[in-house]
Structures are given as C-alpha cells and as structure tokens.
2 protein chains.
Amino acid sequence: MSERWLDEIRWTSDGLVPVIAQQADSGKVMMFAWMNRESLALTVSEGYAVYWSRSRNRLWRKGEESGHRQKVLGVYLDCDEDVILLKIEQQGGIACHTGRESCFYRTLKDEQWQAVEPVLKDPQTIYKK
Amino acid sequence: MSERWLDEIRWTSDGLVPVIAQQADSGKVMMFAWMNRESLALTVSEGYAVYWSRSRNRLWRKGEESGHRQKVLGVYLDCDEDVILLKIEQQGGIACHTGRESCFYRTLKDEQWQAVEPVLKDPQTIYKK
C-alpha cells in the first residue's frame, strides 16, 4: 500500500492526529479520539476504527473489550490536513464507555452541564472482564 | 455569570480545549478548532463561536472577516470533559476558508485524498481586504 496519503497529514509533534467519529446514517457525532500513523493505516486496512490510546500508550481497537466496534464507511481530511473525520457505523449503537450512544451526552443549560442522553446499557455489563 | 461549568472542563496544559462545530439542522461536521477559557465564555455570552487561533495567538471571532459567523444553538461536553461539540447555524452556508461548506471536503479514495465538495464562493471575494 502506498503511504503518500499518510505523509500528507500534518501530525502533531507527538505524531498524532485528532479524529472525530460520526455515525454515517444519523450524522450524530459519537466520539473524539486520537490516532497515530500506524493506527490510521490499520483503520483503513482493517475497515474498523483503531485509535491510539494516549492514557494507555498503545493501539486501541475500539470495541476490543465491549464489542462496540466502529465500521469505517468513509475517511475525510480537513483543509489544514490536521484533523480526520470518520463516517462510521457504530456496532451495538453505543460509542461511550458510560453506555450511552454518544460521548457528547451533556449540554450546557442554566450554566450547568446536564446529561440529556439515556444510558442504554449498564457499563458493568459492557466491560465484564 | 458563574464559571463553575468552565472549571469542569479538563483544559490541555496550554489551557485549550478542542472544539467540533456541527451544523445543527443537517448534522454536517463543518470544522474543528480550539478554544481557551475566555473564548468559550465569550462564545456562550455572545451566542456566536469565538475560537482561539493558535497560529495568530489571539481570539478569533469566526466570521470576523468573512461574515461567516456561527450562531451557537447548543454546547455539548464529552464523557472525559475534554472535548466540546457546538451545534451551530452556519451563516452564509460556508465554514471553510477555501469557500466550501465544510472543512472536511476531501475523502480517501484509491489511496488519495480527493476533493468531493464544490467551492461555493471564491475565497478572493470572501476575504477582500
């Protein structure tokens, strides 16, 4: 596989690029994470989102524990070549580790962050290891 | 105005937070930028997106030159309290400095980034100063 398309990305000094994952059919923004060169290459070759976990300092195949994998339907690059947008199909309908559909489940109302999305599945049953 | 909701955000070591701007009605992801504490407070108090320009090192009232302001309809926070999602109404229908609707106008096809959105307005006429 040619890697020229990877060279065109303006990686951070840490070798990362921010990634937005958007549900392809509904347009819902599901989550935000980071990728390094290897994880983006794997995302494209495997067809499922592979992030770089900055907290665990390792490749993170989204859904590797929960089964909530993200099938990649499209990969987009922004005008500055430093942000990636993925159009995905969220398996299980849950992207967030809290058991909600999207990680962006809180909205600012009356100067407070208020949860406006239901928990669809108890996180205890998602991560049962 | 109480600033407790600002304290709940986990700012980067540079005092910034990444921000995704999404067109409220269509769900289209328009752009990605950064805010500092002051710009997020101004975004909420003014009702229009105010970013922090890292390249110019100053507040950036989106649309200050182009007129393509972003009316803020909703502000969301993710599960890790370190990413903001704005639901906006894009004035002029153009978010990108290239004259396209969205900054994410290139998609990966045959191992190449290919532009898949039309230029709606010549950038020369957008920034005529």
Side-chain angles (χ1 to χ4, degrees), chain A residues 1-6 8-9 17-34 40 43-44 54-55 72-87 95-100 102-117 123, chain B residues 1-6 8-9 17-34 40 43-44 54-55 72-87 95-100 102-117 123:
Chain A
M1 183 163 84
S2 158
E3 295 206 326
R4 217 175 52 192
W5 63 277
L6 285 165
E8 287 176 46
I9 294 169
V17 68
V19 180
I20 302 160
Q22 181 182 34
Q23 179 73 6
D25 55 3
S26 69
K28 187 146 191 153
V29 175
M30 304 296 268
M31 58 178 275
F32 171 93
W34 296 81
L40 180 53
T43 293
V44 170
R54 296 183 303 167
S55 57
V72 175
L73 305 186
V75 182
Y76 293 78
L77 181 65
D78 80 331
C79 54
D80 294 326
E81 292 99 22
D82 61 1
V83 185
I84 296 283
L85 171 66
L86 294 185
K87 298 276 183 97
C96 186
H97 75 286
T98 64
R100 294 179 175 87
S102 160
C103 294
F104 296 92
Y105 63 82
R106 279 175 288 198
T107 192
L108 189 63
K109 213 172 166 182
D110 302 328
E111 300 184 356
Q112 288 189 330
W113 297 110
Q114 305 195 4
V116 289
E117 282 200 20
Chain B
M1 185 164 81
S2 159
E3 294 205 329
R4 217 175 53 191
W5 63 278
L6 286 165
E8 287 177 45
I9 294 169
V17 68
V19 180
I20 303 160
Q22 179 182 34
Q23 178 74 6
D25 55 3
S26 69
K28 188 147 192 155
V29 174
M30 304 296 268
M31 60 178 273
F32 171 92
W34 296 81
L40 180 53
T43 294
V44 169
R54 296 183 304 166
S55 57
V72 175
L73 305 186
V75 182
Y76 294 78
L77 181 64
D78 81 331
C79 53
D80 294 325
E81 292 98 23
D82 61 0
V83 186
I84 296 283
L85 170 67
L86 293 184
K87 298 278 183 95
C96 187
H97 74 287
T98 65
R100 294 179 176 86
S102 161
C103 294
F104 296 92
Y105 63 83
R106 279 176 288 198
T107 192
L108 189 63
K109 213 173 168 182
D110 302 328
E111 300 184 356
Q112 289 189 329
W113 297 110
Q114 304 194 8
V116 288
E117 283 201 20

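Note that the coordinates shown come from a computational prediction; the quantities given were computed from them, not determined experimentally.
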Any side-chain heavy atom of [X] within less than 4.5 Å of one from [Y]?
| X | Y | value |
| --- | --- | --- |
| B/Glu3 | A/Glu111 | no |
| B/Phe104 | A/Ile84 | no |
| B/Asp80 | A/Met31 | no |

With chain B, which of [options] has the greatest number of heavy-atom pairs at distances under 4.5 Å?
| options | answer |
| --- | --- |
| A/Val75, A/Val29, A/Leu77 | A/Leu77 |
| A/Glu81, A/Lys109, A/Lys87, A/Lys28 | A/Glu81 |
| A/Thr98, A/Ile20, A/Asp78 | A/Asp78 |

Tell me, side chain or backbone of [X] under 4.5 Å from chain A's heavy atoms, or both, or neither?
| X | value |
| --- | --- |
| B/Gln114 | neither |
| B/Tyr105 | both |
| B/Leu86 | neither |

Holding to side-chain contact (heavy atoms from CB on, under 4.5 Å), I want the full list of residues that pass it with B/Thr107, two or more places apart in sequence or in another chain.
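Result, side-chain contact (heavy atoms from CB on, under 4.5 Å) vs B/Thr107: A/Tyr76, B/Val116.
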Roughly how far, to the nearest 0.5 Å, is CZ of B/Arg100 from SG of A/Cys79?
9.0 Å
At what distance, to the nearest 0.5 angstrom, does CG of A/Leu85 lie from CE of B/Met30?
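Rounded to the nearest 0.5 Å, the CG-CE separation comes to 12.5 Å.
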Do any N or O atoms from the side chain of B/Trp113 and from the backbone of A/Trp5 form a donor-acceptor pair under 3.5 angstrom?
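Side chain of B/Trp113 to backbone of A/Trp5: a pair is present.
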A/Gln112 side chain vs B/Arg4 backbone, donor-acceptor pair below 3.5 Å:
no
